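Accompanying notes for the structure given below.
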Amino acid sequence: MMTPRAVRRVALGGVVLALAASAPAAATGGRTDAGASVAATTAPARKGSPRSAVDRVADFYGAYVDVLYDSGRNGLANALRAHYLTVGLRANLARWESAHHKDGVLRAKGAPIAWEVVYNDSGTGHCWTRVTLTWQDSGDRVRRTHLMIQSDLESQLISGIRADG
């Protein structure tokens, strides 16, 4: 025979399972069909590795764009630069920004609405990734800019940014 404490634990377990089953529907705001698979209702997985230069570029641009979009250039944006960019690149960006009056990481003013990072090439201790930034103006027109990013494979730090195309 089960003790009252054991009964409570079993009942609590049932409630937790029932809540877990309804979580995907609650998270998406929609209803799920009892026969639908969970894989069909979940977002695609995102993954990465701290040992991948391409993933580190994607991590940097994702976080940097989020910060600029949420609150503009601030201490967190500068901390991200200090963590992901070489000292030499930070000095070059300061000179470029002074001359062009734009954000050197984005090569533009403001914050894009989306970003994409893909592997381009590697050799001689470097990896090059292509970054595509998507911008939307006040007239809902969309434009894209393309950047070529150089990373040092030994340090995994971003060491160069240039407009591409």
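Not measured: the values here are computed from a predicted model.
Rounding to the nearest 0.5 Å places NE2 of H83 at 9.0 Å from CG of D59. Between the OG1 atom of T129 and the CE atom of M148 there is a distance of 8.0 Å, given to the nearest 0.5 Å. One distance of note links CG of D66 with OH of Y61; it measures 14.0 Å at 0.5 Å rounding. For the atom pair NZ of K109 and NE2 of H101, the computed distance is 8.0 Å after rounding to the nearest 0.5 Å. Annotation: the span from Q136 atom CD to R144 atom CZ amounts to 10.5 Å, rounded to 0.5 Å.
Y119 and V131 fall within a single hydrophobic cluster, where Ile, Leu, Val, Met, Phe, Trp and Tyr side chains are chained together by heavy-atom contacts under 4.5 Å. At a threshold of 4.5 Å between side-chain heavy atoms, the hydrophobic network of Ile, Leu, Val, Met, Phe, Trp and Tyr places W115 and W128 in two separate groups.
Across all their heavy atoms, A111 and W135 have their closest contact at C-CZ3, 3.4 Å. Of all the heavy atoms in C127 and L153, the pair that sits closest is CB-CD2, 3.6 Å. Contact between D55 and S49 at its shortest, heavy atoms only, is OD2-N, 2.7 Å.
Proximity of a side-chain donor or acceptor of Y69 to a complementary backbone N or O of A114 within less than 3.5 Å is not detected. Distance alone, capped at 3.5 Å, places no donor-acceptor pair between the D152 side chain and the E154 backbone. Distance alone, capped at 3.5 Å, is enough to place a donor-acceptor pair between the Q156 side chain and the A53 backbone.
Residue V57 forms a side chain to side chain contact (heavy atoms under 4.5 Å, CB included) with just one option from L147, I161, V117, and that option is V117. The side chain to side chain contact (heavy atoms under 4.5 Å, CB included) test with L85 is passed by exactly one of L80, I158, L157: I158.
For the pair R107 and W96, the cation-pi criterion (under 6.0 Å, within 45° of the ring axis) is fulfilled.
Legend: salt bridge (Lys or Arg N to Asp or Glu O under 4.0 Å) pairs involving residues 77-93, not counting sequence neighbours, sorted by first then second residue: R81-E97, R81-D103.
Side-chain atoms of H126 and S159, non-hydrogen and from C-beta on, do get closer than 4.5 Å to each other.
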- Where do L106 and L68 land on the side-chain contact (heavy atoms from CB on, under 4.5 Å) test, with the steps shown first? CA-CA 10 Å; L106 304 176; L68 294 181; 3.4 Å; yes
Review point. N78 and R73: side-chain contact (heavy atoms from CB on, under 4.5 Å), yes or no, with the steps?
Key: CA-CA 8 Å; N78 292 332; R73 180 83 182 265; 2.9 Å; yes
